[in-house]
Chemist: 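Structure incoming, see below.
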Amino acid sequence: MSDSPLLRPYQRGTLDLPNRIAMAPMTRGRADDVTGVPNPLTKQYYAQRAGAGLIVTEGIYANAFGKGGPGIPGLVTDAQIAGWREVTDAVHAAGGRIFAQLWHVGRMTHPSVLPGGATPLAPSAVRITTAKTFTNQGMVDHVTPRAMTTAEVEATIADFAVEARNAIAAGFDGVEIHGANGYLLQQFLAENTNLRTDRFGGSLTGRLQLVLDIVHAVVAEVGAERVGLRISPDNPENEIAEADPRTTYRTLVDAIDPLGLAYLHVIERGKYPALADLRPRWSSTLIANFNGPTPTTRDAGEKTLDAGLADVFSFGRSFIANPDLPARIATGAPLTEYARELVYGGGAEGYTDYPALVADRA
């Protein structure tokens, strides 16, 4: 299996990767729930997976109102920056490269998670009705979010820029802006969740404005070569309904392509063939991901790269139970199944105790 396209080195701009396997961002919920500081086990967790060509961390909140549930880490306070510095040092010592994912969940949270029991913020007061949200009290119904004021939207843009600066101070090689999976940025992009009439809503131009402003602010703070953007066109997750994803995302990609970002990370999940449509419009690195209900296979990644639809392929769930996933792909070794009930929260079990290939053969 050593001739797999997933195992070929990749270099473009500042990305110099030993293989084309990225570790996709995955929420694990193991930070200190009060301080938002990464759990001491976190550095071991990411260092174990440093064989990935690129690691993208779990979502890290840009401000406390963007926290999506118990155990979500931040990159706001000095203590959080110091905690992440331990993680990046460990990953670099193991030979890896790591980007921090900058995140705000918008309406995808609950007052019990937010400072002072605050109402979740969103583009508009549109509640999720068909799913529940995770809290310290278990799964509960979503509340109706409060529409952000224009000033709050502008403050959030500034918070993303500060978080990016904090990420570089914490030793990250770059940052990925989370614009996917029904969180705040995609809530602004989608017609059914953005009913605003100010400059951040209304027309397509208005719905794109928050994403574009955040990208420009982060680029101005840390440089385009250190910035990636993750999108999930036509992804119905978290009650997102995009009436015309082709026009929305073509326009978005055309607007940001000239900036020279490190990469675009595209999740293909809906009916719109985003990879095939956007690949010709994007002149920098493209990372592909299939965020379906089951772990993505090696075969899917190889076919995507062979077809020229992406330069790098990201795996999520497969990395949970296989910290040495690239080595397993190289040798054709079987993959360990992950324990779904141990994904969120807890300690070492289901987090850092999955054995590597060498240990399996001992």
Side-chain angles (χ1 to χ4, degrees), residues 1 4 6-7 19-31 38-60 68-73 87 90-91 94 96 98-99 101 103 131-132 134 138-139 178 180-181 230 232 235 237-238 265 267-269 287-302 304 312-362:
M1 298 303 297
S4 168
L6 292 165
L7 300 172
N19 58 60
R20 297 171 186 244
I21 301 168
M23 177 176 166
M26 292 176 287
T27 298
R28 302 308 307 271
R30 282 170 166 81
N39 186 305
L41 290 170
T42 303
K43 62 181 179 181
Q44 180 184 357
Y45 169 73
Y46 284 113
Q48 287 173 339
R49 290 153 179 82
L54 176 67
I55 293 172
V56 184
T57 70
E58 62 213 89
I60 308 172
I72 301 300
V87 175
V91 170
I98 184 167
F99 274 42
Q101 190 183 62
W103 193 33
K132 295 182 181 293
F134 183 62
M139 301 300 291
H178 196 346
N181 294 348
R230 196 177 207 215
S232 58
N235 182 357
E237 192 173 2
N238 297 326
H265 193 172
I267 301 170
E268 185 164 296
R269 184 171 179 178
I287 302 176
N289 179 268
F290 298 151
N291 182 21
T294 58
T296 303
T297 65
R298 175 182 63 204
D299 184 60
E302 291 174 342
T304 300
V312 177
F313 194 88
S314 69
F315 292 84
R317 297 173 185 87
S318 297
F319 260 115
I320 292 177
N322 301 277
D324 56 347
L325 180 64
R328 290 174 186 260
I329 290 175
T331 60
L335 300 185
T336 302
E337 292 293 326
Y338 73 101
R340 185 179 297 272
E341 70 277 8
L342 299 175
V343 169
Y344 303 115
E349 186 182 11
Y351 189 52
T352 56
D353 65 341
Y354 287 109
L357 187 63
V358 172
D360 284 347
R361 294 180 171 181

Chemist: Does Ile55 form a side chain to side chain contact (heavy atoms under 4.5 Å, CB included) with Phe99? I'd like the steps, not just the answer.
Modeler: CA-CA 6 Å; Ile55 293 172; Phe99 274 42; over 6 Å; no

Chemist: Measure the spacing between CG of Asp353 and CD of Gln44 and express it to the nearest 0.5 Å.
Modeler: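 These two atoms lie 9.0 Å from each other.
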
Chemist: If we ignore hydrogens and angles and just use 3.5 Å, is the side chain of Thr304 paired with the main-chain N or O of Ala300 as donor and acceptor?
Modeler: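 Pair found, side chain donor or acceptor close to backbone of Ala300.
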
Chemist: Could you tell me how the ring of Phe290 sits relative to the ring of Phe313: parallel (under 30°), tilted (30 to 60°) or perpendicular (over 60°)?
Modeler: perpendicular

Chemist: So is Arg30 actually on top of Tyr351's ring, under 6.0 Å and inside 45° of the axis?
Modeler: yes

Chemist: Using side-chain heavy atoms (C-beta onward) and a distance below 4.5 Å, is Phe319 in contact with Ile21?
Modeler: yes

Chemist: Using a 3.5 Å distance criterion without hydrogens, assess whether the side chain of Ser318 forms a donor-acceptor pair with backbone atoms of Phe315.
Modeler: no

Chemist: Checking Asn322 side chain against Asp324 main chain: does a donor-acceptor pair fall under 3.5 Å?
Modeler: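 Answer holds: no.
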
Chemist: How many angstroms lie between atom CG of Leu325 and atom CG of Leu335, to the nearest 0.5 angstrom?
Modeler: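 Answer for the CG-CG pair, Leu325 versus Leu335, is 6.0 Å.
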
Chemist: Do Arg230 and Asn289 touch side chain to side chain, with heavy atoms closer than 4.5 Å?
Modeler: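 Arg230 reaches Asn289 side chain to side chain.
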
Chemist: Nearest 0.5 Å, please: how far is OG in Ser232 from CD in Glu237?
Modeler: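 Between atom CD of Glu237 and atom OG of Ser232 there are 7.0 Å.
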
Chemist: Under the side chain to side chain contact (heavy atoms under 4.5 Å, CB included) criterion, do Tyr46 and Gln48 qualify, and how do the steps go?
Modeler: CA-CA 5 Å; Tyr46 284 113; Gln48 287 173 339; over 6 Å; no

Chemist: With rounding to the nearest 0.5 angstrom, report the CD1 to CD distance, Ile320 to Glu337.
Modeler: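 Result: 11.0 Å between the selected atoms.
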
Chemist: For Thr57 and Gln101: C-alpha separation, side-chain torsions, deciding distance, then whether side chain to side chain donor-acceptor pair (under 3.5 Å) applies.
Modeler: CA-CA 6 Å; Thr57 70; Gln101 190 183 62; over 6 Å; no

Chemist: I'd like to know whether Asn181 forms a side chain to side chain donor-acceptor pair (under 3.5 Å) with Asn235, so could you lay out the CA-CA distance, the side-chain angles of the two residues, the decisive distance to 0.1 Å, and finally the verdict.
Modeler: CA-CA 7 Å; Asn181 294 348; Asn235 182 357; 3.1 Å; yes

Chemist: So does Glu349 have more than 12 non-hydrogen atoms from other groups sitting under 6.0 Å from CD?
Modeler: no

Chemist: To check you understand the geometry: which heavy-atom pair defines the closest contact between Ala47 and Ala94, and what is its length?
Modeler: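 Scanning both residues, the minimum pair turns out to be O-CB, 3.9 Å.
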
Chemist: Please examine the side chains of Pro323 and Arg49, heavy atoms only from C-beta on, and report whether any two atoms are closer than 4.5 Å.
Modeler: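 Arg49 vs Pro323: side chains touch.
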
Chemist: Using every non-hydrogen atom in the two residues, find where Leu342 and Arg28 come nearest and quote the distance to one decimal.
Modeler: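 Looking at all heavy atoms of both residues, the shortest contact is O-NH2, 3.7 Å.
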
Chemist: Roughly how far, to the nearest 0.5 Å, is CG of Leu7 from CD of Glu302?
Modeler: 7.5 Å

Chemist: For residues Ile329 and Ser4, report the shortest heavy-atom separation together with the two atoms involved.
Modeler: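 Reported closest heavy-atom pair: CG2-OG, 4.3 Å.
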
Chemist: Look only at the side chain of Arg20 and the backbone of Gly53, and say whether a donor-acceptor pair between them is shorter than 3.5 Å.
Modeler: no

Chemist: Considering only heavy atoms from C-beta outward, does the side chain of Ile98 approach that of Leu54 to under 4.5 Å?
Modeler: no

Chemist: Can you confirm whether Lys43 sits close enough to Tyr45 that some side-chain heavy atom of one is under 4.5 Å from a side-chain heavy atom of the other?
Modeler: no

Chemist: Search all heavy atoms of His265 against all heavy atoms of Pro25 and return the closest pair with its distance.
Modeler: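 Distance-wise, the nearest heavy atoms are CE1-CD, 4.1 Å.
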
Chemist: Taking all non-hydrogen atoms of both residues, which atom of Ala52 and which atom of Asn19 are closest, and how far apart?
Modeler: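 For Ala52 and Asn19, the tightest heavy-atom pair comes out as C-OD1, 3.8 Å.
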
Chemist: Taking the side chain as every heavy atom from C-beta outward, state whether Phe134 and Thr27 have any atom pair closer than 4.5 Å.
Modeler: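 No - every pair of side-chain heavy atoms lies 4.5 Å or more apart.
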
Chemist: For Leu357 versus Ala327, what's the shortest heavy-atom pair and its separation?
Modeler: CD2-O, 4.3 Å

Chemist: Report yes if the side chains of Met23 and Ser314 come closer than 4.5 Å at any heavy-atom pair, otherwise no.
Modeler: no

Chemist: Are any of the side-chain heavy atoms of Pro73 and Glu58 separated by less than 4.5 Å?
Modeler: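 Side-chain contact under 4.5 Å: yes.
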
